Amino acid sequence: MSLPKPLKPSVQLKANNGDVSLMTKQKFDYMSEIERLRARIDEIDEEIIRLLRERIEVASRIGEVKARLGLPVVDEGREKVVLERAGEFRQVFEAIIRVSRDVQRV
Ligand SMILES: O=C(O)C(=O)C[C@]1(C(=O)O)C=C[C@@H](O)C=C1
């Protein structure tokens with residue numbers, strides 16, 4: 001049985017110190033794919049952050065109305081509904097709710 005052929009280093013990349021290091025084309029392609037996917041994650045994260053800011057703004061408005069009506073910040077029934085909808089992201093939403101409780105207390 002023969003061993004697979006070693007891949008030829010075919011891409012030259014300049015390292016920070018000016019040395020030229022060799023990388024296989026295959027590894028270069030995989031690394032480019034990671035970069036491309038990370039760029040998409042950056043876009044998604046920016047959108048999530050924008051939506052979280054908007055959510056906090058809305059929660060803060062709810063807080064103002066509650067204060068006028070003399071209602072408590074925490075509404076456990078409503079939190080249950082929000083957390084059930086969150087499904088596998090329950091822990092994420094627990095953290096989000098903590099933030100919106102906090103903005104309603106200031
Ligand atoms: O719906 C409300 O009453 C809110 O204040 C918003 C919110 C939430 O972040 O979803 C926050 C705190 C409450 O305990 C319930 C829900």
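Just so you know, ligand 1 is whichever comes first in the structure, and atom 1 is the first atom listed for that ligand. Just so we're clear, the structure is a prediction, and the values are computed from it rather than from any experiment.
- Within the 4.5 Å cutoff, the side chain of Val99 has no heavy atoms near those of the Ile96 side chain.
- Within ligand 1, the atoms closer than 4.0 Å to a non-hydrogen atom of Val74 are 14 (O), numbered from 1 in the order shown.
- In terms of heavy-atom proximity, Arg55 sits nearest to Ser100 at NH1-OG, 3.6 Å.
- Remark: Glu33 engages Arg36 in a salt bridge, criterion side-chain N to carboxylate O under 4.0 Å.
- At the shortest separation from atom 10 (O) of ligand 1 among protein heavy atoms lies Arg55 NH2, 2.9 Å.
- Annotation: atom 6 (C) of ligand 1 to nearest protein heavy atom, Gln104 NE2, 4.0 Å.
- A salt bridge is absent between Arg98 and Asp102; no separation between the charged side-chain nitrogens and carboxylate oxygens falls under 4.0 Å.
- Those atoms of ligand 1 with a heavy atom of Asp75 less than 4.0 angstrom away are 13 (C), 14 (O), 15 (C).
- The closest non-hydrogen atom to atom 3 (O) of ligand 1, taken over Glu76, Arg78, Lys66, comes from Lys66.
- Remark: minimum distance from atom 13 (C) of ligand 1 to any protein heavy atom is reached at Glu79 OE2, 3.4 Å.
- Of all protein heavy atoms, the one closest to atom 7 (C) of ligand 1 is Ser100 OG, 4.2 Å.
- Close N/O approach between Arg101 and ligand 1 is not found [any backbone or side-chain N/O within under 3.5 Å].
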Salt bridge (Lys or Arg N to Asp or Glu O under 4.0 Å) evaluation trace for Arg40 with Glu43: CA-CA 5 Å; Arg40 183 64 193 129; Glu43 286 174 359; 2.6 Å; yes

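- Arg50 has no carboxylate O lying under 4.0 Å from a charged side-chain N of Glu46, or vice versa, which leaves the two without a salt bridge.
- Residue Val73 touches ligand 1 through its backbone alone, judged by heavy-atom distances below 4.0 Å.
- Residue contacts with ligand 1, taken as heavy atom pairs separated by less than 4.0 Å, do not involve Ala59 at all.
- Side-chain contact between Lys80 and Arg85 is absent, with no heavy-atom pair separated by less than 4.5 Å.
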